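Values in this document were obtained by computation on a predicted structure and should not be read as measured data. Just so you know, ligand 1 is whichever comes first in the structure, and atom 1 is the first atom listed for that ligand.
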Amino acid sequence: MQIVTTIEELRSIVKWWRGEGHSVGLVPTMGYLHEGHKSLIVKAVSENDRVVVSDFVNPTQFGVNEDLSSYPRDINRDAALCEEAGADVIFHPEPEEMYFSDNCTFVDMDRLTKGLCGKTRPTHFRGVCTVVSKLFNIVTPDRAYFGQKDAQQLAVIRRMVRDMNFGIDIVGCPIVREEDGLAMSSRNTYLNPKERKAALILHKSLSLGEEMIQAGEKDAVKVKNAIVKNMKTEPLARIDYVELVDGETLEPVETIEGPILAATAVYIGKTRLIDNFSYHSVF
Ligand code: AMP
């Protein structure tokens, strides 16, 4: 496996692969990889001849008071995990390689980016759409892999690919959790032992809502209120949002009749964690 730091070198590797008739998969990440990322890489390896994992803490998707400088980084550990998972290239550029100092072009989206995480992080999805578009243009993959863990991001990328005719298959992958239910995240490293325990409230509360729906509850407000009530039993948790939305448009729903996404963001101490479940209604 190769670690590549320049766009030019990556382009020439992909060109060579294409000449050999190989299909190419891309797994975009911000590094500090864990088993959740690994599941995406393993899937990409099983479906493509060659796989690129991008490992880049993208500055444009962080707000001014967010954790860009403290975001965890460990390229050696990441490289070992990628190699083990069977990736061919890890693309690890410096910010200066990805963005000209006078960069003034961004990819932005209406509607889907305004609710959920977009309310608290108004510039986040502009950064995500911009960097993912750039990676798509650099790697020109056949398929790209994204986790359901970031469900809004997955919906936004699917919509961007449709609207901008990227012609890339977007493959969504299930959430990988710790044994006790906490969704794996690079940001879990911020949690102290007390907070780590408290963080279980996200999955516990969402599971309660999921059980209500499975038992036949169709009133989205009732489900949301039950999730919020349970979340509030944890003194270290401060809710950013709990929402039940249409799985595709991400518009809030009142009645659960089609596929829905129940998503939450919660501060545990200073750490903002997200989690969700999807329910494909069969009523
Ligand atoms: P990140 O490095 O956090 O930007 O994540 C890179 C990709 O890995 C995104 O598509 C995430 O949705 C995905 N991912 C992160 N955590 C998990 C997880 N616990 N399970 C599945 N996918 C994940």
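Of the charged side-chain nitrogens involved, at least one lies within less than 4.0 Å of a carboxylate oxygen, so that K38 and E84 count as a salt-bridged pair. Salt-bridge annotation for R159 and D110: absent, with no side-chain N of the basic residue lying under 4.0 Å from a carboxylate O of the acidic one. Salt bridge R121/E66: present, at least one basic N to carboxylate O contact under 4.0 Å.
Taking each of Q153, E35, K149 in turn, the one with a heavy atom nearest to atom 9 (C) of ligand 1 proves to be Q153. Relative to atom 6 (C) of ligand 1, the option among S39, G147, P28, A144 with the closest non-hydrogen atom is P28. The option with the heavy atom closest to atom 21 (C) of ligand 1, from among A151, S185, P174, is P174.
Taking every heavy atom of M184 and a limit of under 4.0 angstrom, the matching atoms of ligand 1 come to 16 (N), 17 (C), 18 (C), 19 (N). Applying the 4.0 Å criterion to heavy atoms of F146 picks out, from ligand 1, the atoms 10 (O).
In this structure, the protein non-hydrogen atom closest to atom 20 (N) of ligand 1 is V176 N, 2.9 Å. Atom 4 (O) of ligand 1 has M30 CG, 3.6 Å as its closest protein atom, hydrogens excluded (heavy atom only). Remark: minimum distance from atom 12 (O) of ligand 1 to any protein heavy atom is reached at D150 OD1, 2.6 Å. For atom 16 (N) of ligand 1, the nearest protein heavy atom (residue, atom name, distance) is H34 CE1, 3.3 Å. At the top of the distance list for atom 8 (O) of ligand 1, counting protein heavy atoms only, stands H37 CD2, 3.4 Å.
For K43, the NZ atom sits in a loose shell: 12 or fewer heavy atoms of surrounding residues, nucleotides or ligands are nearer than 6.0 Å. The number of heavy atoms from other shown groups lying within 6.0 Å of CD (E20) is above 12. Environment of CD in E97: crowded, with over 12 heavy atoms of neighbouring residues, nucleotides or ligands closer than 6.0 Å. Enclosure of atom NZ in K229 is not indicated, since only 12 or fewer non-hydrogen atoms of other residues, nucleotides or ligands lie within 6.0 angstrom.
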Checking salt bridge (charged side-chain N to carboxylate O under 4.0 Å, His left out) for the pair R18/D142: CA distance, chi angles, key distance, verdict? CA-CA 11 Å; R18 290 296 186 196; D142 299 283; 2.9 Å; yes

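Checked against a 3.5 angstrom limit, the closest N/O atoms of L40 and ligand 1 fall outside it. Every N/O-N/O distance between I175 and ligand 1 stays at or above 3.5 Å.
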